[in-house]
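Notes follow the structure.
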Protein chains: 2
Amino acid sequence: MAIEGIKERIIQAAAAEFLQKGSGGARMQVIADKAGINKALLHYHFQTKQRLYETVLRQQFSKLIDSLFEQLEKETDFDTWLQSLIRKYLREIMTAPGLSRFVLWELNSGAKVLPQLFKKCLADKGHDPSFILTTINRRLQEEGLGNIDPVHFLLNLLALCIYPVIAKPILEQILGSGYFKAGDFIASREEEIFKLLKQGIYRQNEEDK
Amino acid sequence: MAIEGIKERIIQAAAAEFLQKGSGGARMQVIADKAGINKALLHYHFQTKQRLYETVLRQQFSKLIDSLFEQLEKETDFDTWLQSLIRKYLREIMTAPGLSRFVLWELNSGAKVLPQLFKKCLADKGHDPSFILTTINRRLQEEGLGNIDPVHFLLNLLALCIYPVIAKPILEQILGSGYFKAGDFIASREEEIFKLLKQGIYRQNEEDK
DNA sequence: GTCTATAACCGGATAGAC
DNA sequence: GTCTATCCGGTTATAGAC
């Protein structure tokens, strides 16, 4: 464990506050309290709210992008690849549901900062936004599944993994609050998504033969 | 067309502002401007921001609940029922993506108002939260699909319909901005979801025989 | 009912002592 | 580097004339 620098402590506190309340809803006072300092010191280290916000996001995106792209690029056989992708996405989102929810919301509020920041993070790691789709397409082609629309495939994958996690507060209203607490929820969800996607793929393939 | 009451005009303006900015981010001044009046008059009609907020939400939920439950209760054959459900959900969310996004976000910020309001709206119409799940379960049973988990079924349905619409701003980053403008996107998405869900159902059914 | 003017408050940012 | 005290702009809400 490194000596916990105060900047790190601030960033951590700020991340919690920003991801929960959004750029506008977050309060510098709350961040200072969470970090165990006062507002003045907060401004001493990060000048403005905006700068702090961007620092936090850059760091959050960076973590997420590393994790997801690493998995996407793995050259295992198709089934293993898909299964690991699902598992990775599910776990990533489950441990940080705030980020997906936050991006979904914040991107809507006209703020141009987020897309720019995201693209910059991608570029810093040598990736292009189209890389995701071309990789999926290549894997499908190699598997003899050239007739599958990679866009629908991607939409299905993301939707099935992300939605149940970020919609948890709503779903608990319908399903009862104990539902997501069961440890086997992720496991059963993982299996369900894999089966559904795979069956969807081969169904379409049979049709076209 | 009825004489457009000023309260209706305010509620409409407030809905736009609240759904885009959230409870905290919304500004009474902006709502007043959009409604073509001034702040004082706004407070004359709705006293506080909180009251206006609740009025707007009650009305939005009411619309949504009516629309979705009506479709859920239709007693057509299974395929038609599922297909109409998908179509209805997709269109409902497509015409008002703001509401889903808003609920997803706002529910997260610890505010207890939303769940209460939602339950109250359901109760006002004589529905129980568990009604959704029991209805789905009954339809599956009637179709000889008692082995399908209604929770995963519901999760899949909601995820596949809702996610692509609310995640539009992100997806445009990956797919290019023209993708969703194509008029046939909904139609093709509608078909994709129906096929995927149906295949998923019968796949599981075959396995268990 | 509708307006103008203003009170009361909150939150980001800064000054200046230590 | 870290604190206390304060400024200043912006936001909700109200007072009071018409």
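Lettering follows sequence order; numbering is per chain, from 1. Keep in mind that what you see is a predicted model, and the values were worked out from it rather than measured.
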Quick one: do the B:S23 and B:K49 side chains pair a donor with an acceptor below 3.5 Å?
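Per modelled atom types, B:S23 and B:K49 side chains form no pair under 3.5 Å.
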Interatomic distance, [X] [atom1] vs [N] [atom2] [rounded to whole Å]:
| X | N | atom1 | atom2 | value |
| --- | --- | --- | --- | --- |
| B:K7 | C:dT2 | NZ | C1' | 15 Å |
| A:M28 | D:dT6 | CE | C1' | 17 Å |
| B:D33 | D:dG10 | CG | C1' | 14 Å |
| A:K49 | C:dA13 | NZ | C1' | 12 Å |
| A:F18 | C:dG11 | CZ | C1' | 13 Å |
| A:Q50 | C:dG11 | CD | C1' | 16 Å |
| B:I37 | D:dT12 | CD1 | P | 13 Å |
| A:L42 | C:dA13 | CG | P | 9 Å |

With the side chain of [X] defined as its heavy atoms from C-beta on, choose the nearest nucleotide among [options].
| X | options | value |
| --- | --- | --- |
| B:R27 | D:dT11, C:dA15, C:dA13 | D:dT11 |
| A:Y44 | D:dG1, D:dA13, C:dG12 | D:dG1 |
| A:A40 | C:dA13, D:dT14, C:dT14 | C:dT14 |
| B:I6 | D:dC3, D:dA15, C:dT2 | C:dT2 |
| A:L41 | D:dT2, D:dA13, C:dT4 | D:dT2 |
| B:N38 | C:dT4, C:dA15, D:dT12 | C:dT4 |

Compute both the distance and the angle, then confirm whether A:K7 meets the cation-pi test with A:F46: under 6.0 Å from the six-membered ring centre, within 45 degrees of the axis.
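Here A:K7 passes the 6.0 Å and 45° test against A:F46.
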Relative to the ring of A:F118, is the ring of A:F61 parallel (under 30°), tilted (30 to 60°) or perpendicular (over 60°)?
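Because their plane-to-plane angle is over 60°, the rings of A:F61 and A:F118 count as perpendicular.
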Take the angle between the ring planes of A:W81 and A:F153 and call it parallel below 30°, perpendicular above 60°, tilted in between.
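Ring orientation of A:W81 relative to A:F153: parallel.
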At 4.0 Å (heavy atoms only), tell me whether B:A26 reaches a base, stays on the sugar-phosphate, or touches nothing.
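If one applies the 4.0 Å heavy-atom cut-off, B:A26 turns out to touch the sugar-phosphate alone, with no base involved.
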Checking B:Y53 against B:F18 for the ring-ring contact (aromatic ring centres under 6.0 Å, His included) test, could you report, in this order, the C-alpha distance in whole Å, the side-chain angles of both residues, the deciding distance, and whether it holds?
CA-CA 7 Å; B:Y53 179 72; B:F18 276 126; 5.1 Å; yes
Is the phosphate of D:dT2, meaning OP1 or OP2, less than 4.0 Å from a side-chain N or O of A:H45?
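Checking D:dT2 against A:H45, a side-chain N or O does come within under 4.0 Å of OP1 or OP2.
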If the cut-off is 4.0 Å, is B:H43 near the phosphate of D:dT14, judged by side-chain N/O to OP1 or OP2?
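B:H43 to D:dT14 OP1/OP2: no side-chain N or O under 4.0 Å.
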Is a donor-acceptor pair below 3.5 Å formed from side chain A:K39 to base C:dG11, judging by atom type as modelled?
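Answer no: no donor N or O sits under 3.5 Å from an acceptor.
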